[in-house]
Participant: 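Questions regarding the structure given below will be posed in turn.
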Amino acid sequence: MSRYNATEIEPKWQKAWEEAETFRATRDPARAKYYVLEMFPYPSGRIHMGHVRNYTMGDLVARYKRARGFNVLHPMGWDAFGLPAENAAIERGIHPAEWTYANIADMKAQMRPLGLSLDWSREFATCDPDYYVHQQAMFLDMLEAGLVYRKTRMVNWDPVDMTVLANEQVIDGRGWRSGAPVERREMPQWFFNISAYAQELLDAIDTLDQWPEKVRLMQANWIGKSRGLQFAFETRGAPEGFERLEVYTTRPDTLMGASFAAISADHPLARALEKTDPAIAAFCAECRKLGTSEEALETAEKLGLDTGIRVVHPLDPDRELPVWIANFILMDYGTGAIFGCPAHDQRDLDFARKYGLDVIDTFVALQDGRPVEDVAFVPPKTEKVRWLKNFAWPEIATGEEAIEAAIAHAETHGYGKGVEQFRLRDWGATRQRFWGCPVPVVHCDACGMVPERRENLPVTLPEDATFDRPGNALDWHPSWRDVPCPKCGGPAKRETDTMDTFVDSSWYYARFTAPWAKTPTSREDAEYWMNVDQYIGGIEHAILHLLYSRFFARAMIRTGHLPEKCAEPFTALFTQGMVTHETYSTTDERGRTVWHTPEEVIRDERGARLKDGRPVTIGPSVKMSKSKKNVVDPADIVELHGADTARWFVMSDSPPERDVEWTAAGAEAAAKHLQRVWRLAEEAVEAGDGEAAADAALRRAVHRTIAGVTDDIEAFAFNKAIAKLYELTNIVAKSAAGGAEKRAAMKVMAQLMQPMTPHLAEEIWALLGGEGLVTDAPWPEHDPALLVEDSITLPIQINGKRRTDITVPADAAREAIEAAVLADATVQRWLAGGQPRKLIVVPGRIVNVVL
RNA sequence: GCCCGGAUGGCGGAAUUGGUAGACGCAGCGGAUUCAAAAUCCGCCGCCGCGAGGCAUGCCGGUUCGAGUCCGGCUCCGGGCACCA
């Protein structure tokens, strides 16, 4: 009996698919289409198990839908602009383009042996001028349509390297290369007007019924619609022009509990004060060292400085509140100024306790309404509370009711107005970086900002840029930067900022429908292929990438690049978990942790050690990462066991939305199982006559498996589908059925396994005389009549605990079941001659005897 | 800090709408085959208890004939926080 040799067989079938152009997608209006897309990778150079899992999932869906008769589009490309290429350029003196395209070639070579049903004829990289020329054209269209504009925003500034840093390049408040304390600095940049679509993007979330609920919630919270009160405090002692201080609050009901006002260090008032007051200037400078991320601001120690300015309480002209500058107020949200109500906001309370400000209870709990001490009282807004400082509503009311009453009160008395506000900020569309899509705009001293002429697109990145000094290499490239003005011909400078890589990934799904069109999209292809029927990717993209893509699709509709129906480009979304592996570490002579790769480690039941015998500490299983060296290279697994084994394993153990732990033993088990399936197919070829009863039993098992696997695939429960295939394998192995029935069973097995292990499936299909490629075979249908059982086993509970069971005909009447239960020996023992208080019969399910 | 998830045997996980907790796999144990091993095949396998039985789904409490599943309150772990992609 021969062994299944994956290394020999897999390339054979890959060649067969390629020669038949099996996966080439062609627009065919006569057929129903299905567009399945996995989030395209950043070309780091090596694929990792996370990629294998992501693409296997997509491939499974693509192959299944093909078998169900759909015209499937399943493309692949590269999210190729980004920081790592620029870092490689700085560190190794290699041009980002060279680094990136070499990585793409390497990664593609690692992906091809996986046997994915991809249409490689549509492959592109976002750094191809053929791709970004269209992005530049659309940028100009969107500029004309008013969807793009310029303004300033804070960035992380490294004062030593004189360069803008990404948030991940700021480590403990310092630049990662220079080590210098980072400053917040205002810079002009380009923005997409996504906030104009906030309401629409929020409303449309309701239509995304095939998205995970958690993603929809996260997006809604990110957009963050709130209703609140905007009003102005009258100031005392403020510089000229600051007679009023505008604030926004979502809790106007707590206005009587206000004990201070606070402004951001970036607020115009703070900026005015720091010009003349060195103490304020020093404090604002300190605040600006916090960086730009919300996380940094929110987790930092709350610091403030009293400006000496006072504001008048709008409801009590005799009361004055101090105005503080505080490091936790965001200039980007609301008006950059708030009033603090310490009793009902934990941040305000911490701040008030630290600086000795008043804490005024505005409301208390209905029962045991104690005053606030160190924990702010923040009940749900729907809960009724007892008001101590109500000014326009009854003593007992909910927060919601009080908020509306307070807004009405402010509007009636003319000191404020109710406003709706979104947390969502406009999308900063550009970066001070070289390796991105150039913004096709020129700055002319005479004409101002001038769009590049369409016929001059693409504006390509220079191939002779140098990366020996920090900052944007485009700034140091005079022959690229200095150009004549497209309008007046006078001296002008190109925009040297390039587009955020999120722009590249916000429309690649549309480009895949017509990757070689002379325009960004082709109307016919977009009409036919869009939208993406199933999008698959990591949960880490739940907010930004998906929200930006939803916006960009709308912007493309507005500029005529997509049909109206594409406003929500991803019909169904699935977010998969990560691939993890346990970690191995030792300690060096200086006490530092040294990580080891799984290959360096010998693992047995007693623990783990290095090859030289030194013991190794086994750490928790975490996401595979280079820094912890807990990586398994897919290429090694493919070489050792074949692609099918890797595919089978990443789909088996864990549900796809959860993390899966890679273990060598698990991979081994997957390989063994595939060998076993192969052996069963070989045995079936030679098997002779069997028992009629066994034939029928096997046929029923096969149909049960068809139904189960189909349901599980439809529900994205791939691990359960695989468990059912294991079960069927066990049944076939033990079955006394005849050769014909076993061969039929194994052919169905090949069909059901085809989406997961396509190479093995083809080999078995061919062995058993299947017609053509199993990849082209229609999905098997189950016969419902074969799933009906004659009798069922009902568990019997006594007082809710299972004690025994009875087997009854499937169609037994309730009375018959009750009689059978009462006659059961175990039940009689528990009854001890008495009568049950209650007998609950759930037909087809369970019986509960209540004593 | 804020938003969103997750937690079930030694391990990964399964369990329709609230109805047999532990499917399937790994590891382990016992056996067959073998000169021996690998491979393969068969069986056992939540914990405690000789047993009857008791205890078990992160922790505490509640609803119910019945809770892994529903409700309230925690703990720990993970994802995101707008310049990583």
Participant: Evaluate Ser195(A) against Phe422(A) for side-chain contact (heavy atoms from CB on, under 4.5 Å), listing each step before the verdict.
Facilitator: CA-CA 8 Å; Ser195(A) 62; Phe422(A) 293 95; over 6 Å; no
Participant: Checking side-chain polar atoms at under 3.5 Å, does Arg837(A) have a donor or acceptor matched by the opposite partner on Asn799(A)?
Facilitator: no
Participant: What distance, rounded to whole Å, do you find between the two C1' atoms, one in G66(B) and one in C44(B)?
Facilitator: 31 Å
Participant: Between U16(B) and G68(B), how many Å separate the two P atoms, rounded to a whole number?
Facilitator: 13 Å
Participant: Under a 4.0 Å threshold between the charged nitrogen and the carboxylate oxygen, would Asp350(A) count as salt-bridged to Lys302(A)?
Facilitator: no
Participant: Could you run down nucleotides 39-70 of chain B 5' to 3' and tag each one B, S or - for protein heavy-atom contact under 4.0 Å?
Facilitator: -SSSS---------SS----------BS----
Participant: Among Trp190(A), Phe191(A), Tyr197(A), Phe192(A), which one satisfies ring-ring contact (aromatic ring centres under 6.0 Å, His included) with Trp427(A)?
Facilitator: Phe192(A)
Participant: At under 4.0 Å between heavy atoms, which parts of nucleotides 10-15 of chain B does protein reach? Answer with one letter per nucleotide, 5' to 3': B base, S sugar-phosphate only, - none.
Facilitator: --BSSS
Participant: So which protein nitrogen or oxygen atoms get under 3.5 Å of nucleotides 81-85 of chain B's nitrogens or oxygens?
Facilitator:
| from | atom 1 | to | atom 2 | distance (Å) |
| --- | --- | --- | --- | --- |
| C81(B) | N4 | Glu295(A) | OE1 | 3.2 |
| C81(B) | N4 | Glu295(A) | OE2 | 3.0 |
| A82(B) | OP2 | Glu294(A) | N | 3.0 |
| A82(B) | O2' | Arg425(A) | NH2 | 3.3 |
| A82(B) | N6 | Arg423(A) | O | 3.0 |
| A82(B) | N1 | Arg425(A) | N | 2.9 |
| C83(B) | OP2 | Arg431(A) | NH2 | 2.5 |
| C83(B) | O4' | Arg431(A) | NE | 3.0 |
| C83(B) | O3' | Asn167(A) | N | 3.3 |
| C83(B) | O2' | Asn167(A) | N | 2.7 |
| C83(B) | O2 | Arg433(A) | NH2 | 2.4 |
| C83(B) | N4 | Gln432(A) | OE1 | 2.8 |
| C84(B) | OP2 | Asn167(A) | N | 3.3 |
| C84(B) | OP2 | Glu168(A) | N | 2.9 |
| C84(B) | O4' | Glu168(A) | OE1 | 3.2 |
| C84(B) | O4' | Glu168(A) | OE2 | 3.3 |
| A85(B) | OP1 | Leu83(A) | N | 3.0 |
| A85(B) | O3' | Asp79(A) | OD2 | 2.7 |

Participant: Is there a Watson-Crick or G-U wobble partner for C26(B) with both distances under 3.5 Å, and if so, which one is it?
Facilitator: G10(B)
Participant: Answer yes if the side chains of Ser178(A) and Asp161(A) hold a donor-acceptor pair under 3.5 Å, and no otherwise.
Facilitator: no
Participant: Would Arg423(A) and Glu294(A) pass as an ion pair if we require N to O under 4.0 Å?
Facilitator: yes
